[in-house]
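Structure first, commentary second.
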Amino acid sequence: MRRFLPDLFTIGLLLCVLLASLFPAHGAFAHGFGIATDCAIALLFFLHGARLSRETVIAGLLHWRLHLLILAITFGVFPLLGLAIGLIPDSLLPHPLYLGILYLCVLPSTVQSSIAFTSIAGGNIPAAICSASASNILGMFITPLLVGLLFSLGQTAGGFSLDSLQTILLQLLVPFIAGQLLQPWVGAWIRARKKLLMPVDRGSILMVVYLAFSHAVIEGVWHQFSLENLAMIVLLDILLLICVLGLTLIGSRVLGFNRADQITILFCGSKKSLVSGVPMANAIFSSAMIGAVVLPIMLFHQIQLMACAWIAARYAARPAAE
């Protein structure tokens, strides 16, 4: 039963939203906090780059069929489902929240949780590390481009621009590359201190969420949406996850992947990254839009963790007899 309860990170996210609702950052404090947040995010992606060993990259790259399928689901199937959700009328799903769902659908996969659940379930761990990492690296380019394409189809203002891509590359990709370059010297030290450095992972995202919702509260986000609207987002997040879990499972079996690879495709292909999504939203969207845009991914984050924890436990309890 404990696996269905929110983890400490999710509780922290909720507390940040509550804090921003009661005491939103504004003025000089918001400006200074924004600079500190940018620095924390840059440090986060530097650590991501420094943790990933060259041996892992080489081992994972050899399994190209698996990676292509996961990328096709992440950046192909998910966005198509997001466009289909756009058929829901505004009376049931307000347009700003739909944009959040669509943005969720173009995000890369998670890294840490995809690898963790793959490990628990007995999947192909090297392939999961490489695939999830590749998804995040490519996502720095693909996600803003998909935002520009799909949001323009809906004639939505305030989406992708070259300035936002430049911001993403400077804030996320450059620190990641710096981490990779220094990985031979600092990688082992960082991997050995995973728990010590975890506050950087979680803390940087909490900072972004607090700042994003501070802007949203000042813009009146809680006056725009009802509890029914939020319930609709939760329902759509659940249905979206169920659809992709089913498609990844069926597709991997039809294409002849073995059990370990099926597990990897299931977990890496069905997840969406809050860690990458919130900083990129901060770079792509205006402050007036950010609150509504990041809300669906925050809810999806907890839903995917609960569902995948249950699925991973089922796989772990079942011997590899298939």
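Start at 1 with the first residue, then count along the sequence.
Annotation for Ile35: hydrophobic cluster partners, listed by chain and number, are none (ILVMFWY side-chain heavy atoms under 4.5 Å, direct or chained).
Taking CG from Leu299 and CD1 from Ile101, the interatomic distance works out to 8.5 Å, rounded to the nearest 0.5 Å. For the atom pair Ile242 CD1 and Asp237 CG, the distance stands at 11.0 Å (nearest 0.5 Å). The CG atom of Leu47 lies 9.0 Å from the OG atom of Ser204; values are rounded to the nearest 0.5 Å. Between the CG atom in Leu245 and the NZ atom in Lys271 there is a gap of 9.5 Å [rounded to 0.5 Å]. With rounding to the nearest 0.5 Å, the separation of CG in Leu92 from CD in Glu228 is 10.5 Å. Leu69 CG to Asp261 CG: the interatomic distance, rounded to the nearest 0.5 Å, is 10.0 Å.
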Residue pair Ser226, Asn229: steps toward the side chain to side chain donor-acceptor pair (under 3.5 Å) verdict: CA-CA 5 Å; Ser226 64; Asn229 296 148; 3.2 Å; yes
Let me see the working for Leu81 and Val244 under side chain to side chain contact (heavy atoms under 4.5 Å, CB included), right down to the final yes or no. CA-CA 9 Å; Leu81 292 172; Val244 177; 3.7 Å; yes
Apply ring-ring contact (aromatic ring centres under 6.0 Å, His included) to the pair Tyr103 and Phe151, showing each step before the final yes or no. CA-CA 9 Å; Tyr103 177 65; Phe151 282 44; 7.3 Å; no
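Considering only heavy atoms from C-beta on, Ile233 comes within 4.5 Å of Leu93 through its side chain. Side-chain atoms of Leu295 and Leu230, non-hydrogen and from C-beta on, do get closer than 4.5 Å to each other. A 4.5 Å side-chain heavy-atom check between Ile70 and Ser135 finds every atom pair outside the cut-off. Using a 4.5 Å heavy-atom threshold, the side chains of Leu97 and Pro94 count as touching. You'll find the side chain of Leu150 reaches within 4.5 Å of the side chain of Pro79, heavy atoms only. Counting heavy atoms from C-beta outward, Val147 and Phe285 have side chains that approach closer than 4.5 Å. A 4.5 Å side-chain heavy-atom check between Leu22 and Val217 finds every atom pair outside the cut-off. Between Ile263 and Ser252, the closest side-chain pair of non-hydrogen atoms is not below 4.5 Å.
When atom types are taken as modelled, the side chain of Ser131 and the backbone of Ala128 share no donor-acceptor pair closer than 3.5 angstrom. When atom types are taken as modelled, the side chain of Ser133 and the backbone of Ile129 share a donor-acceptor pair closer than 3.5 angstrom. Judged by distance alone, with hydrogens and angles left aside, the side-chain atoms of Ser214 form a donor-acceptor pair with the main-chain N or O of Ala25 at under 3.5 Å. Of the possible donor and acceptor atoms, one in the side chain of Arg65 sits under 3.5 Å from a partner among the backbone N and O of Leu255. Remark: side-chain polar atoms of Gln304 are paired, donor with acceptor, to backbone N or O of Lys272 under 3.5 angstrom. Remark: side-chain polar atoms of Tyr98 are not paired, donor with acceptor, to backbone N or O of Ile85 under 3.5 angstrom.
Under a hydrophobic-cluster definition in which Ile, Leu, Val, Met, Phe, Trp and Tyr are linked whenever side-chain heavy atoms come within less than 4.5 Å, directly or via other members, Met280 and Val275 are assigned to the same cluster. Residues Leu149 and Phe75 share a hydrophobic cluster, clusters being chains of Ile/Leu/Val/Met/Phe/Trp/Tyr side chains in contact below 4.5 Å. Taking hydrophobic clusters as Ile, Leu, Val, Met, Phe, Trp and Tyr residues chained together by side-chain heavy-atom distances below 4.5 Å, Leu43 does not share a cluster with Tyr210. Follow the hydrophobic side-chain contacts under 4.5 Å out from Phe23 and you never reach Leu14; the two are in separate clusters. Connection of Leu13 to Leu18 is not established within any shared hydrophobic cluster, with ILVMFWY side chains joined at heavy-atom distances below 4.5 Å, either directly or through further cluster members.
Not a single ring-ring contact (aromatic ring centres under 6.0 Å, His included) links Phe78 to another residue, sequence neighbours left out. Here Asn258 pairs with nothing under the side chain to side chain donor-acceptor pair (under 3.5 Å) rule; sequence neighbours left out. In this structure, the side chain to side chain donor-acceptor pair (under 3.5 Å) partners of Thr110, at least two apart in sequence or on a different chain, are Ser113, Ser114.
The environment of Leu80 atom CG is dense: over 12 non-hydrogen atoms of other residues, nucleotides or ligands sit within 6.0 angstrom. Other residues, nucleotides and ligands contribute over 12 non-hydrogen atoms within 6.0 Å of the CZ atom of Phe29.
Across all their heavy atoms, Gly269 and Ile73 have their closest contact at O-CG2, 3.3 Å.
Applying the ring-ring contact (aromatic ring centres under 6.0 Å, His included) rule to pairs touching residues 252-274 yields Phe117-Phe267, sequence neighbours excluded.
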Which side-chain N or O atoms in residues 136-146 pair as donor and acceptor under 3.5 Å with protein atoms at least two apart or in another chain?
unit_1, atom_1, unit_2, atom_2, d
Asn136, OD1, Ser276, OG, 2.5
Asn136, ND2, Ser109, O, 2.5
Asn136, ND2, Ala132, O, 3.0
Thr143, OG1, Val106, O, 2.7
Thr143, OG1, Gly139, O, 3.2

